[in-house]
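Taking it in order: structure first as structure tokens, then the write-up.
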Amino acid sequence: MSLCARSDRYFRITDCLPWRLSMHAITDQKVRVRFAPSPTGYLHIGGARTALYNWLFAKQHNGTFILRIEDTDAERSTDESIQAILDGLRWLGLDWDEGPTFQSANRPHHLEAARRLLESGHAYKCFCTQEDLKRKRLEAEKEKKSYGYDRTCRGLSPEEIASREEQGLPYVLRFKVPDPSLDDGPEGLAGESVAFEDLVYGRVEKRLQDIEDFVIVRSDGLPLYLLSNAVDDMRDGITHVIRGQDGLGNTPRQILIYRALGSPLPSFAHMNLTLDPKRAKISKRRHGEVVTVDFYRKRGFLPWALCNFLLLLGWSTEDNREIVTREEAIREFTLARAGRANSVFDYRKGDPKFFTDPKAIAINAEYIRTMDIEELAGLVRPELEEAGLWDPAYAAERRDWYIHTLDLIRARYHTLKDFAVLGRPYFSEDFEIEPKALSKNLQKDTRLKDWLPELADRLEAVDPFTLESTEAAVRAFAEEREVKAGLIINAVRAAVTGQLAGPGLFEILVTLGRASTAARLRRTALLL
RNA sequence: GGUCCCAUCGUCCAGCGGUCUAGGAUACUGGCCUCUCACGCCAGAGACGCGGGUUCGAUCCCCGCUGGGACCGCCA
């Protein structure tokens with residue numbers, strides 16, 4: 001219990017409850033976690049969240065975060081799809097300490113482990129054909145009975161096995177799940193059930209009779225995931241397996257493997273799944289780009305804003321803050337506070353305003369309008385460059401102007417892309433007049449066609465060109481024409497930015513400067 | 001069909017037996033601010049799936065039901 005008395009920054013009380021000590025004193029060891037995606041051609045947000053939780057846990061405990069690519073499905077594993085995962089993680093800022101390692105490279109170890117299981121009597125050769133098994137399964141399904149391997153080959157005598165091997169019959173290796181009723185399980189696996197204490201879900205127990213003798217090596221000699229994954233985790237000295245809840249059902253079988261191999265158990269923590277609005281598992285095939293990390297990069301998300309959003313999909317701070325910095329997340333993250341119920345990724349298909357979960361956008365927008373302006377300046381630069389709006393002077397003599405302009409417009413922008421699209425009039429003379437701005441603010445009063453150039457003349461004479469002086473000039477102009485200042489102000493905004501909405505007009509004018517303001521007013525008047 | 005997991009506003013979360021006329025965020029509505037739109041501020045609407053227990057008292061504990069999800073492959 002001494003460990004638990006010590007709730008220092010390395011180990012939270014919740015991470016070292018008494019049962020943990022009875023399993024293995026893993027809290028004594030340095031934390032080692034891993035993210036083990038299979039390369040599917042992209043990193044999706046569910047995977048990113050798994051990576052994030054592992055990363056946070058490692059960082060908090062000063063541990064090691066390992067990246068392992070589970071590339072044993074040859075068809076899906078291409079260089080490109082592996083690269084996509086690395087790129088996604090790098091962009092998110094989830095740096096790994098070891099790897100990437102590849103599951104395929106560890107195949108000799110997987111087979112060695114299988115050999116040991118066979119020799120120690122924890123596994124046996126099964127000669128049943130896939131056709132037979134499939135037939136039996138279909139039959140069971142038809143009779144609405146449970147289907148599991150019927151253990152036909154479990155009782156084969158050494159002679160029978162030898163004879164079949166002589167005939168050259170192919171076989172798979174199956175794990176011999178201890179059968180309490182037969183009491184024929186090998187030593188060390190006794191008991192009616194296998195139970196473990198999940199760091200998120202609590203005690204999870206599964207009866208041995210409900211676990212079938214699962215295959216660990218295929219007939220072509222290739223090891224299967226359940227075995228490979230466990231063996232890799234043993235080799236990598238993984239102390240905490242933090243993965244999606246879809247791995248919860250695999251855990252009892254993997255624990256059986258650990259025990260049969262005489263290896264200490266890691267702690268397990270399963271995370272709730274992220275579902276779509278119809279409560280189905282998310283996948284690129286069904287949902288498209290919106291579930292990929294790359295989509296958010298391309299749409300101008302800040303990496304940490306995405307992480308922040310993902311973090312909250314199943315976890316909360318003690319005081320319920322929604323904006324959590326990277327440092328705070330590392331400090332405050334606890335598996336004990338992770339939610340157990342699945343959460344819904346609330347994106348709406350074809351919604352022009354909310355191209356993804358509104359909360360994700362809100363969080364991104366929050367960061368954009370509150371983050372350090374210098375940092376934002378650095379992030380917006382590539383966006384402007386890409387759009388051909390970047391002026392090298394923004395990094396030199398016009399730097400102050402650049403910063404000030406960003407600060408002026410950022411409050412109404414949601415993504416980095418907005419600076420290059422909605423922000424275009426602030427960085428270029430070449431911009432469109434939005435139809436609505438034209439009809440609502442410029443064409444409503446036909447006199448504006450004459451007034452705009454007159455106002456241009458007037459403003460050109462204003463010196464100095466300041467917030468106060470421009471406002472005085474515009475308001476005086478409106479008064480002389482006996483119209484409300486708002487009419488002129490809104491018309492001018494539409495004329496110089498092409499937009500209906502934007503910062504306070506005089507801020508805009510000063511930012512654009514005298515010459516540009518006058519030129520834009522005259523140019524727009526020609527369109528009326 | 002079997003096994004396992006889950007269940008609070010539309011969505012994401014808080015709540016860990018009384019402090020709940022159930023709190024926050026987001027989205028929505030109204031107002032304030034105001035030259036517009038945002039921001040900000042204020043207000044409103046909006047949830048404990050159902051039925052049994054346990055208890056002086058249940059959102060919170062137990063059971064059942066219903067609903068949702070996951071797993072059950074010689075995929076990972």
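Nothing here was measured: the structure is a model prediction, and the numbers come from that model. Note that these values count all heavy atoms, side chains included, but never hydrogens, waters or copies made by symmetry. Below, chain A is the first sequence line, B the second, and so on; all start at residue 1.
L500(A) comes within 4.0 angstrom of a nucleotide base, judged by non-hydrogen atoms across all strands. Among the atoms of the strands shown, only primed sugar atoms or phosphate atoms (P, OP1, OP2) are found under 4.0 Å from some heavy atom of A362(A). Residue L505(A) is classed as a base contact, given a heavy-atom separation below 4.0 Å to a base. Residue contacts for N272(A): at a heavy-atom cut-off of 4.0 Å it reaches the sugar-phosphate backbone alone, with no base atom in range. Within the nucleic acid shown, K278(A) has no heavy atom closer than 4.0 Å to any nucleic acid atom. Among the heavy atoms of the strands, none lies under 4.0 Å from E143(A). Counting non-hydrogen atoms under 4.0 angstrom, E205(A) reaches the backbone sugars and phosphates but no base. Looking at heavy-atom distances under 4.0 Å, R410(A) makes no contact with the nucleic acid at all. Heavy atoms of E141(A) sit nowhere under 4.0 angstrom from any nucleic acid atom. Base engagement by R493(A) is indicated by at least one non-hydrogen atom pair under 4.0 Å involving a base atom.
Nucleotides U11(B) and A47(B), compared at atom C1', are 12 Å apart to the nearest Å. A gap of 8 Å separates the C1' atoms of C61(B) and U54(B), to the nearest Å.
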N/O-N/O pairs, protein side and nucleotides 71-74 of chain B side, under 3.5 Å:
residue, atom, partner, partner atom, Å
C71(B), OP1, K281(A), NZ, 3.4
C72(B), O3', E212(A), OE2, 3.3
C72(B), N3, Y147(A), OH, 3.3
G73(B), OP2, E212(A), OE2, 2.7
C74(B), O2, S219(A), N, 2.9
C74(B), O2, S219(A), OG, 2.7
C74(B), N3, S219(A), OG, 2.9
C74(B), N4, C128(A), O, 3.3

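Separation of the Y201(A) and F268(A) ring centroids does not fall under the 6.0 Å cut-off. Here the two rings, on F354(A) and Y347(A), have centers that are 6.0 Å apart or farther.
R68(A) is not listed as a side-chain neighbour of P100(A), based on a closest heavy-atom distance of 4.5 Å or more. Proximity of L459(A) to L521(A): side-chain heavy atoms (C-beta onward) are separated by under 4.5 Å at one or more points. The shortest side-chain heavy-atom distance between Y225(A) and E70(A) falls under the 4.5 Å cut-off. Side-chain contact check for R493(A) versus Q499(A): every heavy-atom pair is 4.5 Å or farther apart.
With U3(B), C35(B), A76(B) as the choices, the nucleotide that has an atom nearest any side-chain atom of D210(A) turns out to be U3(B). Picking from C13(B), G69(B), U3(B) the nucleotide with the shortest atom distance to the side chain of N320(A) gives C13(B). For L275(A), the side-chain atoms get nearest to G69(B) when compared with the rest of G69(B), A76(B), C39(B). With G40(B), A25(B), G15(B) as the candidates, the nucleotide lying closest to the side chain of R337(A) is G15(B). When distances are taken from the side chain of Y225(A) to each of C6(B), A76(B), G2(B), the shortest belongs to A76(B). With distances taken from any side-chain atom of P358(A) to the nucleotides A27(B), C35(B), G2(B), the minimum falls on A27(B). Residue I489(A) has its side chain nearest to C35(B) when only U26(B), C5(B), C35(B) are considered. Residue K359(A) places its side chain closer to C12(B) than to any other of C12(B), C28(B), C6(B).
Searching all strands for a Watson-Crick or G-U wobble partner of C41(B) with both distances below 3.5 Å returns G31(B).
No side-chain donor-acceptor contact under 3.5 Å links Y53(A) to the backbone of L335(A).
Mapped onto RNA chain B by nearest heavy atom, R279(A) and P503(A) fall at different nucleotides, with P503(A) at the one closer to the 5' end. Nearest-nucleotide assignment on RNA chain B puts the 5′-proximal partner with S316(A), out of A411(A) and S316(A).
Residues satisfying the side chain to side chain contact (heavy atoms under 4.5 Å, CB included) criterion with T524(A), sequence neighbours excluded, are I433(A), L442(A), A495(A).
A close approach under 4.0 Å does occur between a side-chain nitrogen or oxygen of K353(A) and OP1 or OP2 of C28(B). Applying the 4.0 Å criterion to OP1 and OP2 of C13(B), one finds that S343(A) has a side-chain N or O inside that range.
With hydrogens and angles ignored, no donor-acceptor pair under 3.5 angstrom links the side chain of Q245(A) to the base of G69(B). At a cut-off of 3.5 angstrom, the base of C37(B) holds at least one donor-acceptor pair with the side chain of R412(A).
Each salt bridge (charged side-chain N to carboxylate O under 4.0 Å, His left out) pair with one or both residues in residues 414-423 of chain A, not counting sequence neighbours, appears once here: E383(A)-K417(A), E386(A)-K417(A).
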